Undergrad: 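Have a look at the structure that comes next, please.
Note that the coordinates shown come from a computational prediction; the quantities given were computed from them, not determined experimentally. Letters A, B, ... mirror the listed sequences (proteins, then strands); counts begin at 1.
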2 protein chains.
Amino acid sequence: MRVAGILLVEDDPSVRTALELALTRQGHSVTSYATGEEALDHIRSRRPEIAILDVMLPGIDGVEVCRRVRKLDQLPVILLTARGDDLDVVVGLEAGADDYVVKPVEPRVLDARIRAVLRRAESAASDRITFGDLVIDRGALKVTLAGKEIHLTPTELRLLLELVRHPGQVLNRRYLLRVVWDHTHIADSRLVDACVQRIRAKIEPRPAAPVFIHTVRGFGYRFSPP
Amino acid sequence: MRVAGILLVEDDPSVRTALELALTRQGHSVTSYATGEEALDHIRSRRPEIAILDVMLPGIDGVEVCRRVRKLDQLPVILLTARGDDLDVVVGLEAGADDYVVKPVEPRVLDARIRAVLRRAESAASDRITFGDLVIDRGALKVTLAGKEIHLTPTELRLLLELVRHPGQVLNRRYLLRVVWDHTHIADSRLVDACVQRIRAKIEPRPAAPVFIHTVRGFGYRFSPP
DNA sequence: GAGTTGTGTCACCAAACTGTGACATGGCGT
DNA sequence: ACGCCATGTCACAGTTTGGTGACACAACTC
């Protein structure tokens, strides 16, 4: 099991140090803060693997941190709540938390929850995305089609990943040129088209009738799974 | 908080009515069925915002419904499963469910899950607007009528989007020419009319008696849902 | 340095799109 | 009922757009 970079946010110093100590002893790498503001900074700059947030915090509370984090990232979140209040559970889930734990919590239980959430996050929202026969492994930067590995060149891969990052959305050529190539200028060029064409030749069973990358005439391209 | 059009599928009548009642009380608009077949029909014709499917159903089961729905749309799905069986969870997630809930379920918890899934779907998927049977997805630049995708050409789409951006407002031809085309000049032409006509031919059930795009004689056109 | 791979560009073609004008239709005031 | 004028309808040809294959050059490998 991987050792996680955990962000712990808890305003009560005694609980905080106790949990930090316990989690560290269990092999996690922990950073802890007392306030939501600090937590958000940390998340933005350090990209922890999981955040454990006390619901009750001075200033920005845990639920609010959770909500903001969710808007910007898939970072897994566990909320700590003081009582087994159903209401808190509801609010927490609404904010998009992956799990919630009622205090006081056995370190061993918390550890199990963390691992469970991480495991879930890893398999669900991991580096690997599957669209029918097409599997895109963002970690290994590998693409396979019906089990066979497909070789994509760096540019092709960047373009495909960009399209896949926004499944179902139409991305226009200007945007793609900017993001994949960094051409801020150059309005017109067949570059994107040519690259799409090359990707299609590799991943589409019938490039003339594409299933993955669809052309939206006059606008751009859309990746949408079959 | 938005009220959702929920499709509930559960074969046990007592559970079904109980959940339907609870969800309705929480402000949702619920339609329920006992079988997967009915559910698929409903989905195709009525376009609910979210489907809650019991995994165990006679005939087409929940997982299968989920799988088929996923093939055709981004409709959010929550699966109801009888036991906390890990296997079910895995199968459910593989079929593309957004969440799964173990029965018996607290209505309040289910409500929270629904809202969480809807929120996620809303932010992940694009912004789409629904007018009865007509769904306009501005991110995917897709228009569907009663579930069937309608192909619009770029100009038609731009015009429709412009009309839809101001529902209920009358937009005159000069304005439309300026915004949709870039004609600052050319006051008179049948251009707008022709384009409206083409859109109507595609989205209006009876183009002679339009329900979406109304002509306001002497002024222009108004988009207003039926 | 020779060969290999990756990338941008171009020209050409087919298909899709669109503006146009002539004509039909229908609403509205008289 | 009549005529006027705004709008609907339609076909077509010119234009635009994207697909495609060829190619040149750069980058990289050995």
Undergrad: Ion pair present between Arg173(B) and Asp193(B), side-chain N to carboxylate O less than 4.0 angstrom?
TA: yes

Undergrad: What's the closest nucleotide to the Thr155(B) side chain, out of dT16(D), dT9(D), dT18(C)?
TA: dT18(C)

Undergrad: By nearest heavy atom, map Thr215(B) and Val196(A) onto DNA chain D; which one lands nearer the 5' end?
TA: Thr215(B)

Undergrad: For the residue pair Tyr175(B) / Glu162(B), report whether a side-chain donor-acceptor contact shorter than 3.5 Å exists.
TA: yes

Undergrad: If you measure from the Lys or Arg side-chain nitrogens to the Asp or Glu carboxylate oxygens, is any gap between Glu20(B) and Arg16(B) under 4.0 Å?
TA: no

Undergrad: I need the CZ-P distance between Arg217(B) and dA6(D), as an integer number of Å.
TA: 8 Å

Undergrad: Quick one: Leu177(B) CG to dT7(D) P, roughly how many Å, whole number?
TA: 13 Å

Undergrad: Determine whether any donor atom in the side chain of Arg190(B) lies under 3.5 Å from an acceptor atom in the base of dG19(C), or the reverse, and answer yes or no.
TA: no

Undergrad: Using a cut-off of less than 4.0 Å, is there contact between a side-chain N or O of His214(A) and OP1 or OP2 of dG19(D)?
TA: no

Undergrad: Would you kindly give the CD1-to-P distance between Ile199(B) and dT7(D), to the nearest whole Å?
TA: 16 Å

Undergrad: For a quick check of understanding: with a heavy-atom distance under 4.0 Å over all strands, which category does Ala201(B) fall into, base, sugar-phosphate or nothing?
TA: nothing

Undergrad: Please confirm whether the shortest side-chain N or O distance from Trp181(A) to OP1 or OP2 of dG8(C) is below 4.0 Å.
TA: yes

Undergrad: So Arg200(B), base contact, sugar-phosphate only, or nothing? Heavy-atom distance under 4.0 Å.
TA: sugar-phosphate

Undergrad: Tell me which nucleotide among dG8(D), dG19(D), dG26(C) gets nearest to the side chain of Tyr221(B).
TA: dG8(D)

Undergrad: Indicate, with a heavy-atom threshold strictly under 4.0 Å, whether Pro154(B) touches base, sugar-phosphate, or nothing.
TA: sugar-phosphate

Undergrad: dT5(C), OP1 or OP2 - any side-chain N/O from His151(A) closer than 4.0 Å?
TA: no

Undergrad: Can you identify which nucleotide, out of dT20(C), dT20(D), dG18(D), has its nearest atom closest to the Arg173(A) side chain?
TA: dG18(D)

Undergrad: Rounding to a whole Å, what distance do you find between Gln197(B):CD and dG21(C):C1'?
TA: 15 Å

Undergrad: Any idea which of dT20(C), dG8(D), dT9(C) is nearest the Asp193(B) side chain?
TA: dG8(D)

Undergrad: Is there a side-chain contact between Thr153(A) and the phosphate of dT5(C), meaning an N or O under 4.0 Å from OP1 or OP2?
TA: no

Undergrad: Any side-chain heavy atom of Arg158(B) within less than 4.5 Å of one from Phe219(A)?
TA: yes

Undergrad: Got a donor-acceptor contact below 3.5 angstrom from the Lys202(B) side chain to the His151(B) backbone?
TA: yes

Undergrad: How is Val192(B) classified with respect to the nucleic acid when contacts are heavy atoms under 4.0 Å: base, sugar-phosphate, or nothing?
TA: nothing

Undergrad: With a cut-off of less than 4.0 Å, is there a side-chain N or O of Arg198(B) near OP1 or OP2 of dC17(C)?
TA: no

